[in-house]
Amino acid sequence: MATVALNEENFASTIDSNDVVLIDFWAGWCNPCMRFAPIYDNASERHDDVTFAKVDTEAEQNLAGALEITSIPTLMAFRAGYLVFRQSGLLPGSALDDLIAQVKAIDPAELAKQAEEQHAEEHADI
């Protein structure tokens, strides 16, 4: 499956309309990013039930800044609209496959419950 190029306009809708989304934050001048790109692209071909997306941090500086991307490559994983993983640095293919399996195994109902509980705790003293 081809990767999706994300920008400020389609970022939220991509996360909200897909069950599992992986996002690679990269730049053309970044050597580790260039080494990770074929690993990421290869995984996208094996996992057709996952949306693989990329953010070019040079072209999308506002988006990268809003998400506090300070090191690249950075990988984010979303499950049912919730951020469940964020890490900077290269991942080997086997680790990426393992991450994808772990993200798929997360119960979306449990994520929603945890988010609701956290929201209630944050607003309990107001």
Side-chain angles (χ1 to χ4, degrees):
M1 173 183 264
T3 59
V4 177
L6 293 185
N7 55 43
E8 288 182 84
E9 290 75 37
N10 68 356
F11 185 86
S13 64
T14 299
I15 290 168
D16 292 341
S17 63
N18 294 284
D19 188 42
V20 177
V21 180
L22 261 63
I23 306 172
D24 174 24
F25 293 83
W26 67 282
W29 52 262
C30 167
N31 286 333
C33 298
M34 296 300 103
R35 289 198 313 270
F36 182 60
I39 295 167
Y40 191 74
D41 292 341
N42 186 282
S44 75
E45 294 171 9
R46 292 191 316 278
H47 299 277
D48 58 359
D49 57 340
V50 174
T51 299
F52 286 79
K54 291 187 174 213
V55 174
D56 179 346
T57 58
E58 288 296 306
E60 299 298 331
Q61 293 182 12
N62 288 340
L63 179 58
L67 295 168
E68 300 177 354
I69 303 299
T70 57
S71 180
I72 53 175
T74 291
L75 186 65
M76 286 185 173
F78 291 83
R79 174 77 158 110
Y82 296 97
L83 177 64
V84 295
F85 178 84
R86 176 184 175 133
Q87 178 177 307
S88 296
L90 288 170
L91 283 179
S94 59
L96 184 56
D97 287 335
D98 185 50
L99 170 64
I100 292 167
Q102 289 180 47
V103 171
K104 288 179 184 179
I106 296 172
D107 180 2
E110 184 61 30
L111 287 174
K113 179 182 172 191
Q114 289 174 2
E116 186 177 303
E117 289 171 356
Q118 182 178 356
H119 180 76
E121 286 177 16
E122 290 171 356
H123 294 90
D125 296 330
I126 295 177

If you draw a 6.0 Å radius around NZ in K113, do more than 12 non-hydrogen atoms from other residues or ligands fall strictly inside? no
Kindly indicate whether the side chain of M76, heavy atoms from C-beta on, has any atom under 4.5 Å from the side chain of L83. yes
For T74, check side chain to side chain donor-acceptor pair (under 3.5 Å) against everything at least two apart and list the hits. S88
Main-chain N/O of K104 paired to R79 side chain as donor or acceptor, under 3.5 Å: yes
With sequence neighbours left out, the residues meeting ring pair (Phe, Tyr, Trp, His ring centres under 6.0 Å) with Y40 are F36, F52
Spell out, yes or no, whether V55 and I69 are grouped together once hydrophobic residues are joined by side-chain heavy atoms under 4.5 Å, including indirect joins. yes
What residues join W26 in its hydrophobic cluster, counting side-chain heavy atom gaps under 4.5 Å, either direct or through other members? M34
Find the distance between OG1 (T57) and CG (L67) and round it off to the nearest 0.5 Å. 11.5 Å
Validation row: V84, Q102 side chains within 4.5 angstrom (heavy atoms): no
Within a radius of less than 6.0 Å around CD of E117, do more than 12 heavy atoms belonging to other residues, nucleotides or ligands occur? yes
Please tell me if the side chains of H47 and V20 come closer than 4.5 Å, counting only heavy atoms from C-beta onward. no
Distance (rounded to the nearest 0.5 Å) between L111 CG and I106 CD1: 5.5 Å
K54 and D24, any side-chain heavy atoms less than 4.5 Å apart: yes
Spacing of CG belonging to L91 relative to CG belonging to L22, to within rounding of 0.5 Å: 9.0 Å
Could you tell me whether the side chain of N10 and the main chain of A5 form a donor-acceptor pair under 3.5 Å? yes
Using side chain to side chain donor-acceptor pair (under 3.5 Å) as the criterion, list what pairs up with Q61, not counting sequence neighbours. none
Between atom CG of L6 and atom CD1 of I23, what is the distance when rounded to the nearest 0.5 Å? 5.0 Å
Is V4 linked to V103 within one hydrophobic cluster, defined over Ile, Leu, Val, Met, Phe, Trp and Tyr using a side-chain heavy-atom separation of less than 4.5 Å? no
With E58 via side chain to side chain donor-acceptor pair (under 3.5 Å) - residues at least two apart: W29
Partners of Q114 by side chain to side chain donor-acceptor pair (under 3.5 Å), sequence neighbours excluded? E110
Same apolar cluster (I L V M F W Y, side chains within < 4.5 Å links), F85/F25: no
Nearest 0.5 Å, what's the CG-OG distance between L99 and S94? 11.5 Å
Verify same cluster id: I100, F78 (apolar side-chain graph, 4.5 Å): no
Do you know the tightest heavy-atom contact between P108 and A80? CB-CB, 3.7 Å
Is there a path of hydrophobic side-chain contacts, each under 4.5 Å between heavy atoms of I, L, V, M, F, W or Y residues, that connects I72 with L90? no
